[in-house]
Amino acid sequence: MKIFKYLAIALFAITMVACGDDEPKNTFTREFNMIYPQFSAGHKFISKIEKEDAKGTKITATANYDGDHLKSVNVVTKYGTGGGNEETIYFDYTNGAIICDKSIQDVTYSFEVNSEGSITSLKNVTTSRTAAALQYNYSNELEIAQIITPSSTDVTKVSWLGGNIMQWESTGVNKKDSVVYEYETGAPLNKGCIDVVGNESFTFTAFVCAIMRNAGFFGTTSADLPTVIKKGFDYSQATETSSSEPIPLKRYNITYELDGDGYVKSYTTNETPKYTVKITYR
């Protein structure tokens with residue numbers, strides 16, 4: 001009986017070591033004073049985002065927390081045609097670092113925050129290159145984001161009105177993109193502080209950014225939820241000397257399913273392919 005007892009203890013110890021090894025060791029250390037985002041009453045943290053489109057592609061992002069602090073985000077993508085990929089993002093608040101465990105390449109970023117706890121810069125600790133620089137207005141709304149690589153810099157400018165995001169425009173080398181948001185009368189309040197549909201992602205993938213926005217790392221979220229998005233690049237602000245012709249923006253409707261307290265359970269767009277996103281809170 002003692003043999004079985006000691007065997008069970010040994011197997012338990014091995015299991016615990018294996019689980020511990022799932023989280024990568026961070027070799028980057030520094031003195032860092034983390035300022036955590038603060039939230040208004042009623043804020044809900046997202047625990048899972050699930051997306052499935054008409055072609056059968058499924059994306060599941062799962063968030064883990066230490067109290068009210070985002071600890072990690074795991075994203076699993078499975079394509080309708082077969083295959084997929086997985087990535088996990090870990091947050092180290094002691095050293096001000098984000099560790100990315102990706103199937104393609106692992107990378108660690110150091111980050112800085114403003115007085116509201118929103119990220120203002122990301123730097124690749126291996127290359128010492130700045131990967132992103134973000135600027136906020138006095139309402140802590142993100143206005144300018146620069147995504148920097150050794151060969152180019154993409155700039156995204158975001159416009160706000162009355163606490164709602166109205167448009168973002170992104171330009172760079174061989175890149176021009178934009179989304180315009182419309183809010184119908186009686187548009188749902190963004191009680192859960194979720195990311196708006198089609199928002200621009202920075203450095204990380206879309207659902208990682210969506211969970212980071214919900215956790216307050218990219219400033220405040222839109223006060224209301226848009227009912228229409230118009231995608232494409234808007235040249236309405238182009239100079240008279242510009243030879244570029246305006247491209248008609250493609251218009252898509254958004255419908256929401258709310259729970260009894262007014263928090264979004266899911267939303268669906270009629271983009272091609274059509275897709276639905278489900279949201280689960282802690």
Side-chain angles (χ1 to χ4, degrees), residues 30 32-40 43 69-70 73 89 91-93 95-98 100 107-125 127-181 190 193-224 226 229 231 233-239:
R30 63 169 174 162
F32 183 74
N33 181 28
M34 179 61 190
I35 300 173
Y36 293 100
Q38 300 297 310
F39 304 97
S40 58
H43 179 87
H69 304 147
L70 184 62
V73 181
I89 311 299
F91 297 85
D92 174 5
Y93 301 111
N95 299 293
I98 300 175
C100 306
V107 60
T108 296
Y109 298 102
S110 63
F111 64 86
E112 304 295 337
V113 296
N114 62 15
S115 60
E116 304 289 334
S118 300
I119 292 175
T120 57
S121 69
L122 293 164
K123 180 181 289 186
N124 186 313
V125 302
T127 64
S128 296
R129 292 181 179 273
T130 298
L134 302 97
Q135 300 177 31
Y136 304 83
N137 62 22
Y138 288 108
S139 298
N140 203 35
E141 296 167 340
L142 179 64
E143 289 192 319
I144 299 176
Q146 297 182 68
I147 306 305
I148 305 162
T149 69
S151 58
S152 66
T153 298
D154 292 349
V155 178
T156 298
K157 296 182 179 180
V158 188
S159 59
W160 297 77
L161 180 64
N164 288 329
I165 182 173
M166 303 305 294
Q167 180 179 13
W168 61 259
E169 292 182 330
S170 183
T171 57
V173 178
N174 299 319
K175 177 185 178 181
K176 289 185 177 181
D177 199 7
S178 174
V179 168
V180 174
Y181 297 92
N190 190 7
C193 296
I194 67 171
D195 197 11
V196 293
V197 178
N199 207 351
E200 179 77 311
S201 56
F202 308 115
T203 306
F204 310 105
T205 54
F207 281 176
V208 171
C209 285
I211 291 174
M212 289 177 67
R213 282 193 174 96
N214 172 259
F217 289 125
F218 290 138
T220 186
T221 51
S222 186
D224 298 319
I229 56 173
K231 304 182 76 170
F233 190 80
D234 183 5
Y235 288 95
S236 61
Q237 303 300 319
T239 63

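A quick note: this is a predicted structure, and the numbers were derived from the prediction, not measured.
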Do the side-chain N and O atoms of Asp154 and Thr171 include a donor-acceptor pair separated by under 3.5 angstrom? no
Evaluate the criterion side chain to side chain contact (heavy atoms under 4.5 Å, CB included) for residue pair Met166 and Tyr181; output intermediate values, then yes/no. CA-CA 5 Å; Met166 303 305 294; Tyr181 297 92; 5.7 Å; no
Between Glu112 and Arg30, is there a side-chain N and carboxylate O pair less than 4.0 Å apart? yes
Evaluate side chain to side chain contact (heavy atoms under 4.5 Å, CB included) for Ile144 paired with Thr156, printing each intermediate quantity in order. CA-CA 6 Å; Ile144 299 176; Thr156 298; over 6 Å; no
Over all atoms of both residues, closest heavy-atom pair of Gln146 and Val155: CG-CG2, 4.2 Å
Donor-acceptor under 3.5 Å (Asn140 side chain, Gly219 main chain): no
Kindly say whether Arg129 contributes a backbone atom to a donor-acceptor pair with the side chain of Asn124 at under 3.5 angstrom? no
Evaluate His69 against Tyr93 for side chain to side chain contact (heavy atoms under 4.5 Å, CB included), listing each step before the verdict. CA-CA 9 Å; His69 304 147; Tyr93 301 111; 4.0 Å; yes
Do Phe204 and Tyr109 make the cut of ring centroids closer than 6.0 angstrom? yes
Decide yes or no for Arg213 and Ile211: does some side-chain heavy atom of the first lie under 4.5 Å from some side-chain heavy atom of the second? no
Indicate whether the side chain of Ser178 and that of Gln167 have a donor and an acceptor atom separated by less than 3.5 Å. yes
Minimum heavy-atom separation for Ala210 to Asp195, with atom names? CA-OD2, 3.7 Å
With a 4.5 Å heavy-atom cut-off, do Leu142 and Leu134 have their side chains touching? yes
Check whether any side-chain heavy atom of Phe91 lies under 4.5 Å from a side-chain heavy atom of Met212, and answer yes or no. yes
Below 6.0 angstrom between ring centroids: does that apply to Tyr36 and Phe217? no
To check you understand the geometry: which heavy-atom pair defines the closest contact between Ala223 and Asn164, and what is its length? N-OD1, 3.3 Å
Verdict with supporting geometry, Ile165 and Val158, side chain to side chain contact (heavy atoms under 4.5 Å, CB included): CA-CA 7 Å; Ile165 182 173; Val158 188; 3.6 Å; yes
Donor-acceptor pair, side chain of Thr130 and main chain of Ala132, under 3.5 angstrom: no
Checking Thr221, Asp224, Thr220 against Asn190 for side-chain contact (heavy atoms from CB on, under 4.5 Å), the one that qualifies is Thr221
For the residue pair Phe202 and Ile119, establish whether any side-chain heavy-atom pair is separated by less than 4.5 Å. no
Side chains of Cys193 and Phe39: closer than 4.5 Å at any heavy-atom pair? no
May I ask you to decide if Ser139's main-chain N or O and Trp160's side chain share a donor-acceptor pair within less than 3.5 Å? no
Of all heavy-atom pairs between Gly216 and Pro37, which one has the smallest distance, and what is that distance? O-CG, 3.7 Å
Spell out, as yes or no, whether a donor-acceptor pair under 3.5 Å connects the side chain of Tyr136 to the backbone of Thr120. no
What one should report as the nearest heavy-atom pair of Glu141 and Gly163 is OE2-CA, 3.6 Å
Measuring from atom OG of Ser115 to atom CD1 of Ile35, what distance do you get when rounded to the nearest 0.5 angstrom? 6.5 Å
Are Lys231 and Ile229 side-chain neighbours, meaning at least one heavy-atom pair lies under 4.5 Å? yes
Nearest-0.5 Å distance that lies between atom NZ in Lys157 and atom OG in Ser170: 11.0 Å
What pair of heavy atoms forms the shortest contact from Val173 to Ser152, and how long is it? CG2-CB, 3.7 Å
Among Val107, Asp92, Thr108, Leu122, find the one that has a side-chain contact (heavy atoms from CB on, under 4.5 Å) with Ile98. Leu122
Quick one: does any side-chain atom of Asn114 pair with a main-chain N or O of Glu116 as donor and acceptor, under 3.5 Å? yes
Is there side-chain contact between Asp177 and Trp168, with at least one heavy-atom pair below 4.5 Å? yes
